[in-house]
There are 2 protein chains.
Amino acid sequence: MQQKGETTIQDIADHAQVSKSTVSRVLNKSTAVNKDKRTAVLAAMKTLGFEPNLAARSLAGGRSMTLGVLTQNIGSPFYDALAQGVIHGLAGSGYSPIFVDGQWQQSTEIESIRTLIGRRVDGLLLIGGDVPVEQLNQLRERLPTIVVAREVVGWENQCIHVDNVQAGYEATKHLIDFGHQRIALLRGIKEHPDAIQRFEGYAKALTEAGIEFDTDLIYQGDFSGQSGVMAVNSLISRGIHFTAIFAANDMVAFGARLALSRHGMRVPEDISLVGFDDQAESAFATPPLTTMKQPAVEMGTAAANALVKLIHDEQYELASLPVELQRRESVARLR
Amino acid sequence: MQQKGETTIQDIADHAQVSKSTVSRVLNKSTAVNKDKRTAVLAAMKTLGFEPNLAARSLAGGRSMTLGVLTQNIGSPFYDALAQGVIHGLAGSGYSPIFVDGQWQQSTEIESIRTLIGRRVDGLLLIGGDVPVEQLNQLRERLPTIVVAREVVGWENQCIHVDNVQAGYEATKHLIDFGHQRIALLRGIKEHPDAIQRFEGYAKALTEAGIEFDTDLIYQGDFSGQSGVMAVNSLISRGIHFTAIFAANDMVAFGARLALSRHGMRVPEDISLVGFDDQAESAFATPPLTTMKQPAVEMGTAAANALVKLIHDEQYELASLPVELQRRESVARLR
DNA sequence: AGTTGCCTTGAAACCGGTTTCACGATAGAG
DNA sequence: CTCTATCGTGAAACCGGTTTCAAGGCAACT
């Protein structure tokens, strides 16, 4: 934090008795500079407290050192963790993220992306989202783009996501292994790809175990706690028999767990419960929640790193990130 | 999303048969422009798909339309909610926020603020943080600055925060009103101003009720769930008698609640529990957690609005935001 | 000693806007 | 019917950097 009237490259040049060009060169290490001059420039920058004007730099150099990040539902644990990972992954890279919120609405998302483009971001990081693939393809031609937490066909190398059908399969399998057959699925938002894929995994596990699939056990809701309580209430009031629940995410599981206890049903003695995400609170729920742990922070970090590499035209590998069953105490063997 | 090779103001000018200046004028509505030309320009912008280059704009106009937001602990519900509020409050204002993470470390914070300055942000929004007051005062002279979730003396009009001693007082009072006298305080990080002030409120309520203050009941921890379980374990292993707990935040309360149940103590029948923040999960805890609700989103929104006004030199009022007791089911009358 | 070629360096063009300034036209006032 | 404000407009300067280009200096090579 320095004086007012920002110091410019010209001031440095005057002070160090060199030209603007030279100052720029030491700033960017672009060309060799005589050692004496270099130190003089460095010294001048120190005394005058110089901080390069990014706008000018961006205008002249065509790089803004800014990355656009489109998030969804800021305030939801999973997406926040992702964002946290992005920030973490960008630290020290010289790039700063600028966040816009898409709110899971196509029109908002597209509008938001437009403003990012107006800001001449050097790359785009899309977290989830509903933007149609054709638009994405167009986008990709203009700007380095990475998509995270969403599967896009044809984007295999610019797309970081977990295998949600496998995750859904494993969660269900875990319950089956513990003797459960009547497993309610609290499904999440109808059109949401994650919900659809986890449902597939659920169905697959059931089929594989030779368990009859029963639509009565499927509850179409959203990803909120309230949805969890409504699901359980609905199940019970309809007199559906079930011994376990696989919830769309941890928040839904919390809601379900509460509704269960309101009905005098214990977890896990009467009903087993599996969540999804492993948000921080889940380890401290009563009982601690068994859940599918999504490596959200790691995904964010990986995405950020990949984007930077992509911008620099460097090679990179997209490590496949596993979602792992986090066994705690909300699942019990069926007696 | 448009063609490649970005359209510039000059392209528009050529297409509409006017000068750059005129285009700029209709863009900014700065000077009256002949209606015919204005519509011609607008039409040209439409056909060519024009998105002004923000870097150029910033360089020329001295405004970057970007606001620097310094957050702490991205990933913690309270700060995330604040950030969410900021984004919400900025929507449609033309300003975009750019976030940097201070991680509650002075050096990181100062470094982060430097990069924000380098980006020539038009204003600064500091969420919490440890930056010394003298530095803040220096900062304020260079840049419109608003501080939120932190009280800074002498900044009464640029500072949005809740009354933590009052909040601590009310929480404690609530417990006292329900007959509790042995109230454990899970205090949070030692030097954290919020923790200190809530402690003051706690002490005040006790004194006022003529209840003896007992240091055995005070647990110095942090703001994590783990801290909650450690606190309860410590209390119990030391054989301290208590009938209620006032936790530093909801996360700590969850931890405490879990530890309690591990020791066979029920909430609220045996022990009453009050949290702080009212994060989303709290309403769905078992039992639903009584807690002090912080208007985090509103604070963020208010801060964002205030900052925009401050930048425009407009008048604004800083509404005082109350933290309110959210009564749920984790507190019971002492038998 | 004369060339050639590399290295360092400054001058100047350029990036895409905003803003000042001056000028011509139009309109209102005397 | 002039004279003077007012309005609309384009040319040009400017914002603070990066990058191209050409030139000067010096070492190496023939």
Side-chain angles (χ1 to χ4, degrees), chain A residues 2-42 44-45 48-66 94 115 117-122, chain B residues 2-42 44-45 48-66 94 115 117-122:
Chain A
Q2 73 235 40
Q3 309 317 318
K4 40 193 162 182
E6 318 292 352
T7 320
T8 78
I9 206 178
Q10 185 66 63
D11 300 334
I12 305 289
D14 296 347
H15 197 275
Q17 317 243 35
V18 298
S19 71
K20 282 169 61 180
S21 322
T22 302
V23 178
S24 173
R25 289 194 253 265
V26 347
L27 209 51
N28 302 292
K29 307 183 182 36
S30 50
T31 315
V33 173
N34 178 296
K35 194 159 190 185
D36 293 349
K37 303 209 175 185
R38 139 171 277 106
T39 52
V41 168
L42 258 22
M45 297 209 290
L48 275 57
F50 172 71
E51 195 70 41
N53 182 325
L54 214 99
R57 222 170 183 178
S58 158
L59 183 56
R63 283 159 271 143
S64 65
M65 300 309 283
T66 305
T115 77
I117 292 177
R119 301 188 97 87
R120 299 298 188 274
V121 293
D122 295 335
Chain B
Q2 76 233 36
Q3 310 316 318
K4 40 193 161 180
E6 318 291 352
T7 319
T8 77
I9 205 178
Q10 184 67 61
D11 300 335
I12 305 291
D14 295 348
H15 197 275
Q17 317 244 32
V18 298
S19 70
K20 284 168 58 179
S21 323
T22 302
V23 178
S24 173
R25 289 193 254 265
V26 346
L27 209 51
N28 303 289
K29 305 182 184 40
S30 51
T31 316
V33 173
N34 179 298
K35 193 159 190 183
D36 293 349
K37 305 207 174 186
R38 137 170 280 106
T39 49
V41 169
L42 258 20
M45 298 210 288
L48 275 58
F50 172 72
E51 196 70 41
N53 181 325
L54 215 99
R57 223 172 181 175
S58 158
L59 184 57
R63 282 159 272 143
S64 65
M65 299 310 282
T66 304
T115 77
I117 291 178
R119 300 190 97 86
R120 300 299 187 274
V121 295
D122 295 337

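In what follows, chains carry the letters A, B, and so on, assigned in the order in which the sequence lines appear, proteins first and then strands, with residues in each chain numbered from 1.
For the pair B:Ile117 CD1 and D:dG16 C1', the computed distance is 17 Å after rounding to whole Å. The separation between A:Lys37 atom NZ and C:dT9 atom C1' is 6 Å, rounded to whole Å. Taking atom CG on A:Asp11 and atom P on D:dG16, their separation rounds to 9 Å, with Å as the unit. Note: CG (B:Asp14) to C1' (C:dG16) measures 13 Å, nearest angstrom. Rounding to whole angstrom units, CZ of residue A:Arg119 and P of C:dC15 are separated by 23 Å.
Closest heavy-atom contact between A:Ala44 and A:His15: CB-ND1, 3.6 Å. Listed here is the closest heavy atom pair of A:Met45 and A:Ile12: CA-CD1, 3.6 Å. Considering all non-hydrogen atoms of both residues, A:Phe50 and A:Leu27 come closest at CE2-CD2, 3.9 Å.
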Output a table of nitrogen or oxygen pairs between the protein and nucleotides 17-23 of chain D separated by less than 3.5 Å.
from	atom 1	to	atom 2	distance (Å)
D:dG17	OP2	A:Ile9	N	2.5
D:dG17	N7	A:Lys20	NZ	3.2
D:dG17	O6	A:Lys20	NZ	3.1
D:dT18	OP1	A:Asn28	OD1	3.2
D:dT18	OP1	A:Asn28	ND2	3.0
D:dT18	OP1	A:Arg57	NE	3.0
D:dT18	OP2	A:Ser24	OG	2.5
D:dT18	OP2	A:Asn28	ND2	3.3
D:dT19	OP1	A:Arg63	NH2	2.9

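For the residue pair A:Thr22/A:Ser19, the side-chain donor-acceptor check at 3.5 Å is satisfied. Under the 3.5 Å distance criterion, with hydrogens and angles disregarded, a donor-acceptor pair is assigned to the side chains of A:Arg119 and B:Thr66.
Mapping B:Thr31 and A:Ala55 onto DNA chain D by nearest heavy atom places B:Thr31 at the nucleotide closer to the 5' end.
Of the candidates D:dG10, D:dG8, C:dA11, the closest approach to any side-chain atom of A:Ser19 belongs to C:dA11.
Between the side chain of A:Asp122 and the backbone N or O of A:Met65 there is at least one donor-acceptor pair closer than 3.5 Å.
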